[in-house]
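Counting starts at 1 for both ligands and their atoms, following the listed order.
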Amino acid sequence: MWNGIIAAYKDFFGVKEGENIVTLNEGNTPLIPAENIGKMLGGLKLYLKYEGLNTTGSFKDRGMTMAVTKAVQEGSKAIICASTGNTSASAAAYAAKAGLKCFVLIPNNKIAMGKLAQAIIYGAEIIPVEGNFDDALRIVKEIAEEGRVTLVNSLNPNRLLGQRSGAYEVCDQLEGDIGYLAIPVGNAGNISAYWAGFNDYYKAGKIKALPTMLGFQAEGAAPIVEDRVFQEPETIATAIRIGNPASWEKATAARDESKGLIDKVTDEEILETQKLLASKEGIFVEPASAASVAGVIKLSRKGYFQKDKTIVCVVTGNGLKDPSVVEVEKESKVYGVKTEGIKELIYKSLGSEEND
Ligand SMILES: *Cc1c(COP(=O)(O)O)cnc(C)c1O
């Protein structure tokens with residue numbers, strides 16, 4: 001039985017037999033070949049690491065199992081985070097499992113409904129904050145410094161430690177070297193964690209070469225790409241709507257050490273790619289997650305990739321968290337409500353496809 005990422009990689013995490021672990025059996029997410037999009041891009045070996053199948057629907061669970069396990073071992077009774085959504089969903093769930101109180105500061109009106117619903121049903125105390133994510137993060141840092149609550153944002157080193165498991169899994173699943181690792185970049189913790197994870201595996205002799213790291217930010221929230229703080233970050237991809245990333249330097253180090261790049265994609269490219277992933281590969285991701293694949297599409301048009309090398313795109317969160325981006329109302333009214341003529345409609349649609 002799969003018992004979560006700490007049990008699976010306990011040698012790397014320095015966890016000993018008999019230690020109390022707080023887990024929701026996160027991790028072990030599928031690495032899915034994206035053959036249709038790969039073909040579309042002229043024959044790329046493209047894979048999707050589908051992190052939307054973690055227990056709370058995003059990769060945040062990998063770090064949270066580690067952060068909450070350590071918080072409990074240190075005797076903490078409460079955790080706190082600022083969140084664009086998925087961190088709060090994950091923190092609330094692990095706090096529920098461990099019997100801790102959980103406080104969540106969210107940027108006012110800037111969080112996807114599905115994620116907020118998760119934090120609420122898991123029992124967190126939600127405190128909306130006037131301002132954006134960066135403002136909320138500043139406040140939780142100040143409160144956590146007084147020592148009564150444990151910070152579980154990615155500034156907590158245990159978060160990034162747990163998130164290294166994503167890199168371990170990709171290596172184990174591919175059983176070979178990865179050419180490129182493409183990933184969305186918000187607070188820049190995950191790209192840093194993946195890079196550290198690949199380095200762990202390299203040093204342990206489990207892989208022969210390190211991948212080239214490719215990070216992608218949204219055009220309206222691209223501080224690393226443009227090398228300046230964004231005071232008012234703006235993008236449809238709320239999970240990466242961050243103007244001053246906490247792990248900025250670690251991310252640029254990962255980029256430079258791997259001879260990779262951090263680039264930006266537009267909201268339009270993000271939404272187009274989100275649709276493409278769903279309609280060509282059967283994988284529904286949230287907008288931020290589509291940024292990694294949108295970036296690969298952008299680079300492939302410039303002939304960036306060596307075709308014999310494997311490209312892994314981390315798709316970070318589940319599309320069901322943020323269904324508001326899909327035009328449900330409009331699409332469900334294309335035909336109107338029917339009582340008859342349904343077969344004819346279907347046959348007409350089938351016929352027109354054959355003629356394409
Ligand atoms: C948190 C998050 C990101 C950004 O990850 P960082 O570690 O902040 O760079 C991207 N996508 C989703 C779905 C997320 O929840």
Side-chain angles (χ1 to χ4, degrees), residues 26 29 48-64 67 81-91 93 106-107 110-112 114-116 118-119 133-134 136-137 152-157 159-164 166-167 181-197 213-218 221-225 233 235-252 254-255 262 264-265 270 273-274 277 283-295 313-322 325:
E26 63 295 312
T29 57
L48 307 170
K49 179 66 172 161
Y50 189 26
E51 289 290 274
L53 291 186
N54 277 293
T55 310
T56 78
S58 85
F59 75 82
K60 298 296 198 295
D61 293 351
R62 296 181 182 277
M64 209 54 76
C81 65
S83 180
T84 58
N86 282 330
T87 295
S88 59
S90 187
I106 55 168
K110 292 274 175 79
I111 151 167
K115 303 175 187 178
L116 186 56
Q118 285 183 287
F133 170 82
D134 304 281
L137 185 61
V152 295
N153 278 103
S154 57
L155 292 163
N156 179 328
R159 279 276 310 279
L160 295 199
L161 203 57
Q163 284 173 211
R164 291 183 189 193
L181 192 283
I183 190 165
V185 174
N187 223 6
N190 213 23
I191 188 172
S192 310
Y194 265 83
W195 182 237
M213 301 296 287
L214 308 172
F216 296 99
Q217 300 195 294
I224 299 178
V225 182
T235 167
I236 181 110
T238 49
I240 52 173
R241 180 152 53 193
I242 290 170
N244 189 10
S247 299
W248 192 318
E249 270 133 47
K250 285 197 188 91
T252 51
R255 176 194 66 194
I262 297 179
K264 58 189 173 182
V265 288
I270 286 173
T273 306
Q274 184 191 29
L277 282 166
I283 295 173
F284 184 24
V285 302
E286 64 171 283
S289 312
S292 60
V293 182
C313 293
V314 183
V315 286
T316 43
N318 198 304
L320 292 171
K321 285 170 172 279
D322 195 1
V325 295

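- Taking CG of Leu137 as the start and OG of Ser154 as the end, the distance is 7.5 Å to the nearest 0.5 Å.
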Check ligand 1 for N or O atoms under 3.5 Å from a protein N or O and list each pair with its distance.
{"residue": "ligand 1", "atom": "7 (O)", "partner": "Gly189", "partner atom": "N", "Å": "3.2"}
{"residue": "ligand 1", "atom": "7 (O)", "partner": "Asn190", "partner atom": "N", "Å": "2.8"}
{"residue": "ligand 1", "atom": "8 (O)", "partner": "Asn187", "partner atom": "N", "Å": "2.7"}
{"residue": "ligand 1", "atom": "9 (O)", "partner": "Gly186", "partner atom": "N", "Å": "2.8"}
{"residue": "ligand 1", "atom": "9 (O)", "partner": "Asn187", "partner atom": "N", "Å": "3.3"}
{"residue": "ligand 1", "atom": "9 (O)", "partner": "Ala188", "partner atom": "N", "Å": "2.8"}
{"residue": "ligand 1", "atom": "11 (N)", "partner": "Thr316", "partner atom": "OG1", "Å": "2.7"}
{"residue": "ligand 1", "atom": "15 (O)", "partner": "Lys60", "partner atom": "NZ", "Å": "2.6"}
{"residue": "ligand 1", "atom": "15 (O)", "partner": "Asn86", "partner atom": "ND2", "Å": "2.7"}

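- By the side-chain hydrogen bond (donor to acceptor under 3.5 Å, both in side chains) test, Thr316 pairs with Ser289, sequence neighbours left out.
- Judged as a side-chain hydrogen bond (donor to acceptor under 3.5 Å, both in side chains), and not counting sequence neighbours, the contacts of Asn156 are Asn158.
- For Asn318, the side-chain hydrogen bond (donor to acceptor under 3.5 Å, both in side chains) criterion is met by no residue, not counting sequence neighbours.
- Side-chain atoms of Val185 and Ile240, non-hydrogen and from C-beta on, never get closer than 4.5 Å to each other.
- Just one of Lys60, Glu286, Gln118, Glu51 meets the side chain to side chain donor-acceptor pair (under 3.5 Å) condition when paired with Asn86; it is Glu286.
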